[in-house]
Amino acid sequence: MIWWPTEVPTLTRGLITLRKPHLDDTQAVFDGCQDPLIPRFTAISADYSMAHALDYVQRTDTSVRTQRELPFVIEYGNGDDKVFAGTISFHSLSVKNSVGELGYWMTSSMRGKGIATTAARMLTDYGFTTIGFKRIEAIIDRDNVASLKLVESAGYQREGLLRKKITRDDGRQVDMYIYAALPEEWEYLPD
């Protein structure tokens, strides 16, 4: 059985902060989701609107309370220099099986800097040490080369190919790779 938080914690490592989404993140979430790569490789719709962004931010407390999702904003920098870099979450939970799924997206200007890899490691550490997950999965579009590299460098292992797992907005059926991390095999971040 897992322990589920009652609120989104703030996790910090170096210049990277994972924190609860706030109302003032709505514009940044909307802007980030206008990048055509986001709907191409995630479950986010190609017609993502400001209303979608507002709903994402406003439903945080309900998502946590109902154990639907544990969403975070990723910030990069210190003090007044912090910038919105993307989002990361645990979702698709199975409380009975102590399993969660890791999901994320990064703004185009923050990609390729190792920020998402560190954020994935931070959240995975938290998932194992605090929540008590016995397994954390990541399901990645087989054509999303950058994300495949990211989860592998974070420490997840590829387990297989899920054929025609997702239907995209345009009706295409997409194959996805499933990756997983287990607490007994995980290389935790140093203190």
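One-based numbering along the sequence shown. What you see is a predicted model, and the numbers here were worked out from it, not measured in a lab.
Both Leu93 and Leu123 are members of a single hydrophobic cluster when ILVMFWY side chains are connected at heavy-atom separations under 4.5 Å. With hydrophobic clusters built from ILVMFWY side chains whose heavy atoms lie under 4.5 angstrom apart, Tyr126 shares a cluster with Val8. Both Val151 and Met110 sit in one connected hydrophobic cluster of ILVMFWY residues. Membership requires side-chain heavy atoms under 4.5 Å apart, directly or through other members. Side-chain heavy atoms closer than 4.5 Å link hydrophobic residues (I, L, V, M, F, W, Y) into clusters, and following such links, even through other members, never connects Leu18 to Val73. Using a 4.5 Å cut-off between side-chain heavy atoms of Ile, Leu, Val, Met, Phe, Trp and Tyr, with links allowed through other members, Ile178 and Trp186 fall into different hydrophobic clusters.
The existence of a salt bridge linking Asp35 and Arg111 is confirmed by a sub-4.0 Å separation between a basic side-chain nitrogen and an acidic carboxylate oxygen. Between Asp170 and Arg168 there is no salt bridge, since no side-chain nitrogen of the basic residue lies less than 4.0 Å from a carboxylate oxygen of the acidic one. At a threshold of 4.0 Å, the pair Asp175-Arg163 does not count as salt-bridged, since none of the basic side-chain nitrogens sits closer than that to a carboxylate oxygen. For Glu7 and Lys20, the salt-bridge test fails: no basic side-chain N is under 4.0 Å from an acidic carboxylate O.
Counting heavy atoms from C-beta on, the side chains of Phe84 and Asp31 never come closer than 4.5 Å. Proximity of Leu161 to Arg142: side-chain heavy atoms (C-beta onward) are separated by under 4.5 Å at one or more points. In this structure, the side chains of Pro71 and Val64 come closer than 4.5 Å at one or more pairs of heavy atoms. A 4.5 Å side-chain heavy-atom check between Asn97 and Lys134 finds every atom pair outside the cut-off. Taking 4.5 Å as the limit, every side-chain heavy atom of Thr117 sits out of range of all side-chain heavy atoms of Ile115. In this structure the side chain of Leu102 reaches within 4.5 angstrom of the side chain of Ile88, judged on heavy atoms. At a threshold of 4.5 Å between non-hydrogen side-chain atoms, the residues Asp25 and Arg19 count as touching. No side-chain heavy atom of Ile166 sits less than 4.5 Å from a side-chain heavy atom of Gln173.
Ring geometry for His52 versus Tyr48: interplanar angle under 30°, hence parallel rather than tilted (30 to 60°).
For the pair Thr130 (side chain) and Gly127 (backbone), a donor-acceptor distance under 3.5 Å is absent. Checked by atom type and distance alone, the side chain of Gln34 pairs as donor or acceptor with a backbone atom of Phe30 at under 3.5 Å.
Minimum heavy-atom separation, Val29 to Ala53: CG1-CB, 4.0 Å. In terms of heavy atoms, Ala181 sits closest to Phe128 at O-CZ, 3.4 Å. Of all heavy-atom pairs between Thr107 and Gly32, the closest is CG2-CA, 4.4 Å. Taking every heavy atom of both residues into account, Ile74 and Ala119 meet most closely at CD1-CB, 4.0 Å. In plain terms, the two heavy atoms of Gly14 and Asn78 that are nearest each other are O-OD1, 4.4 Å. Here the shortest heavy-atom pairing between Pro21 and Thr60 reads CG-OG1, 3.7 Å.
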Show, in sequence, the C-alpha distance, side-chain angles and deciding distance for Tyr156 and Thr124, and conclude whether the side chain to side chain donor-acceptor pair (under 3.5 Å) test is met.
CA-CA 10 Å; Tyr156 283 68; Thr124 302; 2.6 Å; yes

Step-by-step ring pair (Phe, Tyr, Trp, His ring centres under 6.0 Å) determination, Phe90 to Phe133:
CA-CA 11 Å; Phe90 286 132; Phe133 284 130; 5.1 Å; yes

When you look at Leu23 and Gln58, which way does the side chain to side chain contact (heavy atoms under 4.5 Å, CB included) test go after all the steps?
CA-CA 7 Å; Leu23 266 179; Gln58 289 180 327; 4.1 Å; yes

Under the criterion side chain to side chain contact (heavy atoms under 4.5 Å, CB included), I'd like the reasoning laid out for Arg13 against Thr118: C-alpha separation, chi angles, the key distance, then a yes or no.
CA-CA 8 Å; Arg13 183 167 190 87; Thr118 300; 4.3 Å; yes

Chi angles and distances behind the side chain to side chain contact (heavy atoms under 4.5 Å, CB included) call for Met122, Leu189:
CA-CA 7 Å; Met122 290 167 63; Leu189 289 166; 3.9 Å; yes

Under the side chain to side chain contact (heavy atoms under 4.5 Å, CB included) rule, what do Met50 and Thr26 come out as? Steps first, then yes or no, please.
CA-CA 7 Å; Met50 187 62 85; Thr26 306; 3.6 Å; yes

For a salt bridge (charged side-chain N to carboxylate O under 4.0 Å, His left out) check, start with the C-alpha distance between Arg135 and Glu159, then their side-chain angles and the critical distance, and finish with the verdict.
CA-CA 12 Å; Arg135 175 183 172 87; Glu159 294 186 332; 2.5 Å; yes

Kindly determine whether Tyr179 and Glu137 satisfy side chain to side chain donor-acceptor pair (under 3.5 Å), including the steps that lead there.
CA-CA 6 Å; Tyr179 284 79; Glu137 298 174 339; over 6 Å; no

Report the C-alpha distance between Tyr104 and Ser147 in whole Å, list the side-chain angles of each, state the deciding distance to 0.1 Å, and finish with yes or no for side chain to side chain donor-acceptor pair (under 3.5 Å).
CA-CA 9 Å; Tyr104 50 84; Ser147 194; 2.5 Å; yes

Report the C-alpha separation of Thr87 and Trp105 in whole Å, then their side-chain angles, then the decisive distance to 0.1 Å, and conclude whether the side chain to side chain donor-acceptor pair (under 3.5 Å) test is met.
CA-CA 6 Å; Thr87 69; Trp105 61 263; 2.9 Å; yes

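Of the inter-residue distances, the one linking Leu148 atom CG with Asp141 atom CG reads 8.0 Å to the nearest 0.5 angstrom. In this structure, the separation between CG on Asp125 and CD on Glu187 is 10.0 Å, given to the nearest 0.5 Å. Between atom CD of residue Glu69 and atom NE2 of residue His91 there is a gap of 7.0 Å, rounded to the nearest 0.5 Å. A distance of 9.5 Å separates CG of Leu182 from CD1 of Ile136, quoted to the nearest 0.5 Å. Note: Arg121 CZ to Ile16 CD1 = 11.0 Å, rounded to the nearest 0.5 Å. Atom OG of residue Ser89 and atom CZ of residue Phe72 lie 9.0 Å apart, to the nearest 0.5 angstrom.
Judged by the 6.0 Å distance and 45° axis criteria, Arg158 is positioned over the aromatic ring of Tyr177.
Heavy-atom contacts from other residues, nucleotides or ligands closer than 6.0 Å to NZ of Lys82 number more than 12.
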